[in-house]
Undergrad: 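Provided herewith is a single structure, encoded as structure tokens, for subsequent inquiry.
Every heavy atom of this structure was used, including side-chain atoms; hydrogens, water molecules and symmetry mates were not.
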Amino acid sequence: MPPSAPLDAVDLAAADPEGSLAAVEASPQQWRHAVELVGRLDVDVTNPRSVLVAGMGGSGIAGDLASLAADLGGGAPVMPVKGYSLPSWAGPQDAIIAVSYSGNTEETLGVLAAAEQRGVQVAGAVTSGGHLADAVPGSRTVLVPPGRQPRASLAYLGVPVLVMLSHMGVIRSLDAELSAVPGHLERLLTTWRIDSPTNDNPVKQAAMELAELVPVFTGGDGVGGLLALRAKCQVNENANRPSFCNVLPESNHNEVVGWEQLRDTSRRFGLVELRTPGDHPQVTKRFDVTRELTGTAFATVTSFTAPGATWVEQLAAGVLWVDLLSIHLALLSGVDPTPVRTIQELKARIA
């Protein structure tokens with residue numbers, strides 16, 4: 001199928017045989033089920049000095065979400081750990097949560113083992129099974145449904161971590177905000193589903209603009225920055241294409257200059273502004289001025305503002321939008337959104 005073909009004409013059965021799009025469009029049900037899964041959670045760690053959240057890839061974004069929640073209203077720092085090494089300062093005053101969808105992620109298992117050796121308190125784990133379920137058994141582990149792609153399981157992986165943090169006293173309870181997410185997403189999907197007409201569907205419109213381009217996602221510090229990271233990773237894995245992300249105001253101190261030269265190259269890129277109602281007023285100004293200064297360097301500039309009454313709703317809505325966008329880009333290019341063959345080959349070679 002040529003890249004310019006409209007999304008309305010996509011044969012989903014042929015283009016998306018494993019149902020990646022259907023899984024994303026079922027996000028409201030996943031958020032609702034994730035809230036139900038944490039009902040029996042038992043966390044016996046209280047008031048730690050800090051919390052480490054170990055995880056990689058689609059599982060690792062749970063740590064970014066937890067860190068954001070702590071930044072927005074927490075009583076202790078939360079740090080994602082994405083690699084093999086535990087921070088040198090971590091010790092018995094700190095806690096760790098391990099997140100691995102498969103339960104067999106070598107980096108996460110290694111960090112968890114190092115944490116236990118150093119006396120770090122194991123607060124809990126989130127997984128579908130594997131070695132992690134054996135390493136952290138019982139009511140401290142939230143077992144999520146197996147057979148999914150980790151990158152399509154953000155609510156299953158992230159909601160339990162947020163609840164664990166609230167049980168530890170690190171953040172306040174987000175029960176009300178989390179319970180409101182499914183209804184919020186269902187309302188948005190009335191126009192965001194792939195069977196919605198393109199003229200009414202902002203996801204389809206953005207996908208058509210970016211169909212043959214390399215997306216550059218920019219968000220504000222906070223929710224928008226996490227959405228930019230999420231978008232970059234989802235386009236990489238679902239659409240099998242390069243994608244980049246940065247955060248305002250930091251990118252105004254470096255990247256903004258990088259678009260002055262190589263205009264023939266930069267015209268193959270599309271800028272995507274990921275805004276939220278909670279952006280700092282100066283960040284909002286920076287979005288506008290940055291567009292004025294660099295907009296001509298890009299083939300197109302697209303802006304999306306994540307809707308929602310709370311930061312949790314805005315985050316969930318933004319994740320839904322960028323996830324749908326990444327799959328729409330895959331379908332426009334004739335790419336099956338599910339396989340990640342290069343990652344599988346890499347894992348096989350280093351095993």
Side-chain angles (χ1 to χ4, degrees), residues 57-58 60-61 63-72 77-80 82-83 151 154 202-203 205-207 209-239 241-308 311 314-323 325-326 329:
I61 198 167
D64 299 303
L65 174 58
S67 180
L68 173 64
D71 289 346
L72 293 176
V78 176
M79 176 182 173
K82 299 183 179 184
R151 64 187 184 274
L154 183 141
V203 186
Q205 293 167 15
E209 286 188 41
L210 297 165
E212 298 181 2
L213 302 176
V214 175
V216 177
F217 297 97
T218 300
D221 52 344
V223 172
L226 180 52
L227 291 178
L229 174 63
R230 173 71 174 184
K232 176 244 185 234
C233 295
Q234 292 297 86
V235 169
N236 290 159
E237 291 194 71
N238 289 332
R241 70 170 69 185
S243 179
F244 302 93
C245 66
N246 213 326
V247 178
L248 289 171
E250 172 62 21
S251 64
N252 280 171
H253 294 262
N254 37 67
E255 186 179 289
V256 67
V257 183
W259 298 106
E260 291 182 2
Q261 301 298 322
L262 303 180
R263 289 300 180 96
D264 288 345
T265 300
S266 71
R267 295 294 293 175
R268 301 192 66 178
F269 290 74
L271 178 64
V272 184
E273 302 171 340
L274 296 174
R275 305 190 184 207
T276 75
D279 285 336
H280 190 286
Q282 284 299 106
V283 168
T284 300
K285 289 182 182 179
R286 287 176 179 274
F287 269 120
D288 296 337
V289 175
T290 301
R291 177 188 283 230
E292 293 172 7
L293 293 175
T294 66
T296 57
F298 297 96
T300 187
V301 179
T302 299
S303 184
F304 167 76
T305 300
W311 76 261
Q314 293 162 23
L315 187 282
V319 166
L320 176 60
W321 192 85
V322 301
D323 286 7
L325 174 66
S326 68
L329 290 174

Undergrad: Hey, what do you get for CG (L271) to CZ (F298), rounding to the nearest 0.5 Å?
TA: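 Interatomic distance, L271 CG to F298 CZ, rounded to 0.5 Å: 4.5 Å.
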
Undergrad: For a 4.5 angstrom cut-off between non-hydrogen side-chain atoms, does H280 reach P249?
TA: no

Undergrad: Between the side chains of N238 and S326, is a donor N or O closer than 3.5 angstrom to an acceptor N or O?
TA: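 Looking only at side-chain atoms, S326 and N238 do form a donor-acceptor pair, the distance falling under 3.5 Å.
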
Undergrad: Would you say the side chains of E250 and N254 form a donor-acceptor pair under 3.5 Å?
TA: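 Their side chains do contain a donor-acceptor pair, which is all the 3.5 Å distance test asks for.
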
Undergrad: Hey, is the main chain of E237 close enough, under 3.5 Å, to the side chain of R241 for a donor-acceptor pair?
TA: no

Undergrad: Please identify each residue that fulfils side-chain contact (heavy atoms from CB on, under 4.5 Å) with E209, with sequence neighbours left out.
TA: T300, T302

Undergrad: W321 vs F304 aromatic rings, parallel, tilted or perpendicular, using cut-offs 30° and 60°?
TA: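 The arrangement is parallel - the two ring planes meet at less than 30°.
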
Undergrad: With rounding to the nearest 0.5 angstrom, report the CG to OG1 distance, D279 to T284.
TA: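 If I round to the nearest 0.5 Å, the distance is 5.0 Å.
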
Undergrad: For the residue pair A239 and L329, what are the closest heavy atoms and their distance?
TA: CB-CB, 4.0 Å

Undergrad: CZ/R286 to CG/L248 distance, rounded to the nearest 0.5 angstrom?
TA: 7.5 Å

Undergrad: Which heavy atom of P215 sits nearest to which heavy atom of P242, and what is that distance?
TA: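 Heavy atoms only, the tightest pair is CD-O, 3.5 Å.
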
Undergrad: How far does CZ of F244 sit from OG1 of T218, to the nearest 0.5 angstrom?
TA: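 Here the rounded value is 12.5 Å.
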
Undergrad: Looking only at heavy atoms, what is the nearest atom pair of G63 and P80, with distance?
TA: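 Of all heavy-atom pairs spanning G63 and P80, the closest is O-CG, 3.5 Å.
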
Undergrad: What distance separates T276 OG1 from L226 CG, expressed to the nearest 0.5 Å?
TA: 11.5 Å

Undergrad: Could you walk me through whether E273 and T290 pass the side chain to side chain contact (heavy atoms under 4.5 Å, CB included) test, one step at a time?
TA: CA-CA 10 Å; E273 302 171 340; T290 301; over 6 Å; no

Undergrad: Within the structure provided, determine whether V319 and Q234 are in side-chain contact (heavy-atom separation under 4.5 Å).
TA: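 V319 vs Q234: side chains apart.
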
Undergrad: In plain terms, say whether D323 and R230 are close enough for a salt bridge, that is, a side-chain N and a carboxylate O under 4.0 Å apart.
TA: yes

Undergrad: Please name all residues satisfying side-chain contact (heavy atoms from CB on, under 4.5 Å) with D71, sequence neighbours left out, ordered by chain then number.
TA: S67

Undergrad: What pair of heavy atoms forms the shortest contact from V247 to G225, and how long is it?
TA: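 So the minimum-distance heavy-atom pair works out to CG2-CA, 3.8 Å.
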
Undergrad: Could you report the tightest heavy-atom contact between L227 and G318, atom names first, then the distance?
TA: CD2-C, 3.5 Å

Undergrad: For the side chain of N246 and the backbone of F217, is there at least one donor-acceptor N/O pair under 3.5 Å apart?
TA: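 No; judged by distance alone, with no hydrogens or angles, the pair does not exist.
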
Undergrad: Heavy-atom distance under 4.5 Å between the side chains of L325 and L210, does that happen here?
TA: yes

Undergrad: When you compare the side chain of T296 with that of R263, does any pair of heavy atoms fall below 4.5 Å?
TA: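 R263 reaches T296 side chain to side chain.
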
Undergrad: Between atom CG of L229 and atom OG of S243, what is the distance when rounded to the nearest 0.5 Å?
TA: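 With rounding to 0.5 Å, CG (L229) is 10.0 Å from OG (S243).
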
Undergrad: Do P277 and Q314 make a side-chain contact, defined as non-hydrogen atoms from C-beta onward lying under 4.5 Å apart?
TA: yes

Undergrad: Using only atom types and a distance under 3.5 Å, with no angle test, would you say the side chain of R268 pairs donor to acceptor with the backbone of E212?
TA: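 Such a contact is absent between R268 side chain and E212 backbone.
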
Undergrad: Minimum heavy-atom separation for L274 to A231, with atom names?
TA: CD1-CB, 4.3 Å

Undergrad: So, the side chain of S266 versus the backbone of W259: is there a donor-acceptor pair under 3.5 Å, distance only?
TA: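 The answer is no, because no donor-acceptor pair under 3.5 Å joins these two groups.
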
Undergrad: Between I61 and L65, does a side chain to side chain contact (heavy atoms under 4.5 Å, CB included) hold up when you go through it step by step?
TA: CA-CA 6 Å; I61 198 167; L65 174 58; 5.7 Å; no

Undergrad: Should D288 and R275 be marked as a salt bridge (Lys or Arg N to Asp or Glu O under 4.0 Å) after you check the CA-CA gap, both sets of side-chain angles, and the distance that decides it?
TA: CA-CA 11 Å; D288 296 337; R275 305 190 184 207; 2.9 Å; yes

